[in-house]
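All of these numbers come straight from a predicted model, not from anything done at the bench.
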Amino acid sequence: DKSRANGAISRAQGKLEFEWADVCKGWTVSQRTLVQLISSEGQVIDFGWTLNSLESKDGTDYRFFIRRYNAGGDGDSQRGEAHLDGPGQGGTATYTEPTAREIALPKGTLFPTVHSLTILDAAVSGDLPVLRHVFDGSGDDGGLYSINASLSAALPADSPVNLDSPLLKNQKSWRLHLAYFGPDESVSIPEHEQFFRIFATGVVDEMLLDYGDFTVQGRLASIDD
């Protein structure tokens, strides 16, 4: 989308594939991301990652495997599982890769799918902003974030859409802003921000990912039900 003045990145492009499935007692997510960055000096940086997860529908169990790689094929992986003592309670996340370790999950922690459904419900009811602890297993600091979701605009069902799909057409939608904060509660500046349009069906389009030095704009290219 754009680069900040004197930023290190002059261009960015890529693709994100996301598959979400209902598997009876839980939800599976399969995500694949490819990114190419061009530095202000002309250097090309290729990298990507995959994420596969299984989350129980009661929101208390989560298993994940994340693989990161670069153009040379080198990379690392993170694998583990997390359990909450009950809905709305705290718990523990246990990593088995790259090294064995445990981190405590504070009371009120949500896993990604439950968090997405919570945000969608809040948008429908108008009960935003919503601030929640969310654990997804990614990141160098243990995969635990505080995410503040706020409403930018509510759009009527007859608003224009970018794809001719029944999952988008004649659906109410909302423009949301998500601010991601790390585990250090004394830091008031978000590590990462997302702006997007979410439809009543749960489909997301018109994404803007803000990484500080540069922003990336994402458009929904295809969708399968």
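Across Arg132, Gln194, His115, a single residue satisfies side-chain contact (heavy atoms from CB on, under 4.5 Å) together with Ile147, and that is His115.
Using a 4.5 Å cut-off on side-chain heavy atoms (C-beta onward), Thr92 and His83 make no contact. Put simply, the side chain of Phe18 does not reach to within 4.5 Å of the side chain of Arg32, judged on heavy atoms. The closest side-chain heavy-atom distance from Leu110 to Phe135 is not below 4.5 Å. Annotation: side chain of Thr113 is in contact with side chain of Glu55 (closest heavy-atom distance under 4.5 Å). Side-chain atoms of Leu167 and Ile223, non-hydrogen and from C-beta on, do get closer than 4.5 Å to each other. Residues Asp205 and Ser173 fail the side-chain proximity criterion, which asks for heavy atoms closer than 4.5 Å. Between Leu51 and Val29, some side-chain heavy-atom pair lies under the 4.5 Å cut-off. Residues Arg175 and Leu151 are not in side-chain contact: their nearest non-hydrogen atoms beyond the backbone lie 4.5 Å or more apart.
Taken from CD in Gln43 to CD1 in Ile45, the straight-line distance is 4.5 Å, to the nearest 0.5 Å. In this structure, the separation between CG on Leu168 and CG on Leu220 is 6.0 Å, given to the nearest 0.5 Å. Going from atom CH2 of Trp27 over to atom CG of Leu117 covers 5.5 Å, rounded to the nearest 0.5 Å. Taken to the nearest 0.5 Å, the CZ atom of Phe199 stands 9.0 Å off from the OG atom of Ser165. From Lys15, atom NZ reaches atom CD of Gln13 across 12.0 Å, with rounding to the nearest 0.5 Å. The distance from the CD atom of Glu17 to the CG atom of Leu34 is 7.0 Å, given to the nearest 0.5 Å.
A continuous path of ILVMFWY side-chain contacts below 4.5 Å connects Leu37 to Met207, so both sit in one hydrophobic cluster. Linking ILVMFWY side-chain heavy atoms closer than 4.5 Å, directly or via other members, places Phe65 and Ile103 in two distinct hydrophobic clusters. Linking ILVMFWY side-chain heavy atoms closer than 4.5 Å, directly or via other members, places Leu209 and Ile119 in a single hydrophobic cluster. A single hydrophobic cluster is not seen to contain both Leu208 and Leu16; linkage of ILVMFWY side chains at heavy-atom distances under 4.5 Å, directly or through other members, places them apart. In the hydrophobic cluster analysis, where Ile, Leu, Val, Met, Phe, Trp and Tyr join through side-chain heavy atoms closer than 4.5 angstrom, Phe196 is grouped together with Tyr180.
Taking each heavy atom of Arg197 and Pro160 in turn, the nearest pair found is NH1-O, 2.9 Å. Residues Gln89 and Leu84 come closest through the heavy atom pair O-CD2, 3.7 Å. Contact detail for Val216 and Ala12: the closest heavy-atom pair is CG2-CB, 4.1 Å. Closest approach of Val161 and Lys169 over heavy atoms only: CG2-CG, 3.8 Å. Between Leu105 and Ala82, the shortest heavy-atom distance links the atoms CD1-CB, 4.0 Å. Heavy atoms only, all atoms of each residue included: Thr33 and Tyr69 are closest at O-OH, 3.8 Å.
Classified by interplanar angle (parallel below 30°, tilted 30° to 60°, perpendicular above 60°), the ring pair His177/Phe195 is parallel.
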His192 vs Tyr211, side-chain contact (heavy atoms from CB on, under 4.5 Å): CA-CA, chis, key distance, verdict: CA-CA 5 Å; His192 168 61; Tyr211 293 100; 3.7 Å; yes
Candidate pair Glu206 and Arg219, rule side-chain contact (heavy atoms from CB on, under 4.5 Å), full reasoning: CA-CA 5 Å; Glu206 302 175 24; Arg219 296 287 184 180; 3.0 Å; yes
Stepwise side-chain contact (heavy atoms from CB on, under 4.5 Å) test for Asp136 and Tyr145: CA-CA 9 Å; Asp136 66 1; Tyr145 302 91; 3.9 Å; yes
Chi angles and distances behind the side chain to side chain donor-acceptor pair (under 3.5 Å) call for Ser77, Glu97: CA-CA 7 Å; Ser77 60; Glu97 294 182 28; 2.6 Å; yes
Test log, rule side chain to side chain donor-acceptor pair (under 3.5 Å), inputs Thr215 and Asp210: CA-CA 4 Å; Thr215 59; Asp210 190 336; over 6 Å; no
Candidate pair Ile38 and Gln36, rule side-chain contact (heavy atoms from CB on, under 4.5 Å), full reasoning: CA-CA 7 Å; Ile38 310 296; Gln36 183 181 79; 4.1 Å; yes
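Ser10 places a side-chain N or O within donor-acceptor distance of the main-chain N or O of Ser39, the cut-off being under 3.5 Å. Of the possible donor and acceptor atoms, none in the side chain of Ser159 sits under 3.5 Å from a partner among the backbone N and O of Leu155. Not a single donor-acceptor pair under 3.5 Å links the side chain of Thr96 to the backbone N or O of Ala100. The backbone N or O of Asp61 lies less than 3.5 Å from a partner atom in the side chain of Ser56, making a donor-acceptor pair.
Summarising the local packing, CD of Glu41 is surrounded by 12 or fewer heavy atoms from other residues, nucleotides or ligands at distances under 6.0 Å. Heavy-atom contacts from other residues, nucleotides or ligands closer than 6.0 Å to NZ of Lys57 number more than 12.
Side chain to side chain, Arg68 and Gln78 meet the donor-acceptor criterion of an N or O pair below 3.5 Å.
Between Tyr95 and Phe64, the gap from one ring centroid to the other is short of 6.0 Å.
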